Amino acid sequence: QVQLVESGGGLVQAGGSLRLSCAASGRTFSRYTMAWFRQAPGKEREFVAAIIWIAGSTFYSDSVKGRFTISRDNAKNTVYLQMSSLNAEDTAVYYCAGQPGALISTARSTYSDWGQGTQVTVSS
């Protein structure tokens, strides 16, 4: 099990960029698949991006593909989400999630560990 703490959220203008970080504690982080989800007001939590520990393979939702980049630094036990060309529809609480193994999944139930979330607000 790992503990996850997100940071980097805030208010940004439409078209701007923001980088989220998720710091993990736990010795097995390097063997975790990590993901970002988000939840907008009144909506269900949705998958954004994931990265597995083997070869760093990544996967994105169609809504963020080409605009967001997920990456990880196993030496720092940190996963990042670089967001660019932000628009109002990206406004949400962003959650970091992790699960042991090398399975890329968009399902919330796949992930065993979650952070508390960080708010991202995009002003138009």
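Given the structure is predicted, the values throughout are model-derived calculations rather than measurements.
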| Gap between atom OG of Ser84 and atom CG of Leu18 - 0.5 Å precision |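 OG of Ser84 is found 11.0 Å from CG of Leu18.
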| note | Here the gap from Met34 atom CE to Thr78 atom OG1, rounded to the nearest 0.5 Å, amounts to 9.5 Å
For a quick test of reading the model, state the closest non-hydrogen atom pair linking [X] to [Y] and the distance between them.
X     : Y      : answer
Val79 : Trp36  : O-CZ2, 3.9 Å
Ser17 : Gln82  : CB-NE2, 4.0 Å
Phe37 : Thr106 : CE2-O, 3.6 Å
Val64 : Arg38  : CG1-NH1, 4.0 Å
Met83 : Leu86  : CB-CD2, 3.8 Å
Arg72 : Thr33  : NH1-CA, 4.3 Å

Residues 5-12, side-chain donor-acceptor partners within the protein, below 3.5 Å, at least two apart:
unit_1, atom_1, unit_2, atom_2, d
Glu6, OE1, Gln116, N, 3.0
Glu6, OE1, Gly117, N, 2.9
Glu6, OE2, Cys96, N, 2.8
Glu6, OE2, Gly117, N, 3.1

| message | One pair to check against side chain to side chain donor-acceptor pair (under 3.5 Å): Gln3 and Ser25. What are the steps and the verdict? | response | CA-CA 5 Å; Gln3 288 73 47; Ser25 61; 3.0 Å; yes
| said: Between Tyr111 (side chain only) and Ser105 (backbone N and O only), is there a donor and an acceptor less than 3.5 Å apart? | reply: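 Pair found, side chain donor or acceptor close to backbone of Ser105.
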| query | Can you get from Phe68 to Val122 by hopping between Ile, Leu, Val, Met, Phe, Trp and Tyr side chains that sit under 4.5 Å apart? | reply |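 Same cluster: Phe68 reaches Val122 through Ile, Leu, Val, Met, Phe, Trp or Tyr contacts under 4.5 Å.
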| said: Apply side chain to side chain contact (heavy atoms under 4.5 Å, CB included) to residues Tyr95 and Arg108 and explain how you reach the verdict. | reply: CA-CA 11 Å; Tyr95 297 91; Arg108 289 174 54 185; over 6 Å; no
List the atom pairs, with distances to 0.1 Å, where a side-chain N or O of residues 47-61 and a protein N or O form a donor-acceptor pair under 3.5 Å, not counting sequence neighbours.
unit_1, atom_1, unit_2, atom_2, d
Trp53, NE1, Arg31, O, 3.1
Trp53, NE1, Gly101, O, 3.4
Tyr60, OH, Ile70, N, 2.9
Ser61, OG, Ser63, OG, 3.1

| message | I'd like to check the side-chain hydrogen bond (donor to acceptor under 3.5 Å, both in side chains) partners of Ser71; sequence neighbours left out, ordered by chain and number. | response | none
